[in-house]
Amino acid sequence: MSQRPLVLVTGGSRGIGAAVCRKAAAQGYDLIVNYRSDQSAAEAVAADCRAQGARAEIVQGDTGTEEGVAAIFAAVDRLGPLHGLVNNAGVVDVTARVDEFDRARLDRIFAINVIGKIRCATEAVKRMSTKHGGQGGVIVNLSSIAAVLGAPGQYVDYAAAKGAVDTFTLGLAREVATEGVRVNAIRPGIIDTEIHASGGLPNRARDLAPIVPMQRPGTADEVADSVLYLLSPQASYVTGAILNVSGGR
Ligand code: NAP
């Protein structure tokens with residue numbers, strides 16, 4: 001069994017999740033790189049992690065489904081014990097007003113962005129909490145600055161889902177505070193990843209730069225640095241915190 005602490009990153013094949021995997025490997029962690037659809041992208045991230053001396057395995061699984069969560073945590077049980085969960089997988093839908101939303105859109109947005117994150121955290125706590133015989137651990141939830149801005153005219157559903165992630169973070173952190181498990185969240189601002197293209201606005205990060213106090217989008221690496229801090233022993237007294245990584249927005 002590896003001596004390096006094992007971290008599960010959901011949605012680790014691209015964007016912020018991939019940056020977290022690469023930085024975590026460089027800083028001495030082993031990785032489980034979860035992905036939903038792009039196996040070769042996940043494998044490329046895992047190969048980069050191995051090149052840093054980490055043990056890294058990929059696992060396919062849609063965090064918005066029970067089958068997906070079961071597959072992911074079957075891999076955890078093969079490779080564990082689990083030290084960290086980076087609850088990163090998240091999606092937007094195409095930009096639209098609330099009066100254009102249908103039920104299917106809401107089911108997908110909340111299944112992945114809220115229920116999937118709560119289900120992964122639940123399975124992680126069962127393995128990490130000293131109450132359950134675990135050795136403690138750390139959970140970092142990827143929220144969004146949209147939780148406090150509302151994303152009007154773009155994706156209010158996504159913003160509302162991220163508000164739920166914030167509240168879940170506060171409640172879970174307090175629930176397991178004496179059980180060796182720290183739980184925090186990060187609210188990225190406008191970060192230059194492919195998520196904007198999936199919302200139908202491929203240039204969104206560049207176009208919105210003028211409304212950011214720092215006048216630029218952030219990078220996946222800049223968000224990953226904050227994730228790595230929250231995972232680390234340097235954050236040993238930090239729980240229930242929500243950190244804006246948003247260039248002042
Ligand atoms: P991204 O570039 O679109 O990457 C998303 C990643 O999540 C991909 O690896 C994707 O894998 C995976 N994924 C999506 N749905 C999944 C599911 N149901 N199960 C498992 N994996 C899934 O997104 P990102 O910009 O890095 O965003 C990462 C997180 O940060 C999200 O929670 C997002 O809401 C949050 N965030 C991002 C921004 C931003 O501006 N970029 C701002 C605020 C918050 P596949 O390719 O295999 O589908």
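Start at 1 and go down the list; that is how both ligands and their atoms are numbered. Sequential numbering from 1 along the given sequence is applied to the chain's residues.
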Report all N/O contacts between ligand 1 and the protein shorter than 3.5 Å as a table of atom names and distances to 0.1 Å; if there are none, say 'none'.
unit_1, atom_1, unit_2, atom_2, d
ligand 1, 2 (O), R14, NH1, 3.4
ligand 1, 3 (O), R14, NH1, 3.2
ligand 1, 9 (O), G11, O, 3.3
ligand 1, 9 (O), S13, N, 3.3
ligand 1, 9 (O), S13, OG, 2.7
ligand 1, 9 (O), R14, N, 3.3
ligand 1, 11 (O), S13, OG, 3.3
ligand 1, 18 (N), D62, OD1, 2.8
ligand 1, 19 (N), T63, N, 3.0
ligand 1, 19 (N), T63, OG1, 3.4
ligand 1, 25 (O), T193, OG1, 2.5
ligand 1, 26 (O), I16, N, 2.8
ligand 1, 32 (O), N88, O, 2.7
ligand 1, 32 (O), K162, NZ, 3.0
ligand 1, 34 (O), Y158, OH, 2.6
ligand 1, 34 (O), K162, NZ, 2.9
ligand 1, 40 (O), G189, O, 3.3
ligand 1, 40 (O), I191, N, 2.9
ligand 1, 40 (O), I191, O, 3.3
ligand 1, 40 (O), H196, NE2, 3.2
ligand 1, 41 (N), I191, O, 3.3
ligand 1, 41 (N), T193, OG1, 3.1
ligand 1, 46 (O), R14, NE, 3.0
ligand 1, 46 (O), R14, NH2, 2.9
ligand 1, 47 (O), R36, N, 3.1
ligand 1, 47 (O), S37, N, 2.6
ligand 1, 47 (O), S37, OG, 3.1
ligand 1, 47 (O), D38, N, 3.1
ligand 1, 48 (O), R36, NE, 3.2
ligand 1, 48 (O), R36, NH2, 3.2
ligand 1, 48 (O), S37, OG, 3.2

pair [X]-[Y]: side-chain heavy atoms closer than 4.5 Å:
| X | Y | result |
| --- | --- | --- |
| D102 | R105 | yes |
| N34 | Q60 | no |
| I190 | L208 | yes |
| L228 | Y29 | yes |

* **Qualifying residue for side-chain contact (heavy atoms from CB on, under 4.5 Å) with L8, from D30, L82, V86** => L82
* Do R50 and E57 sit within salt-bridge range, that is, some charged N less than 4.0 Å from a carboxylate O? -> no
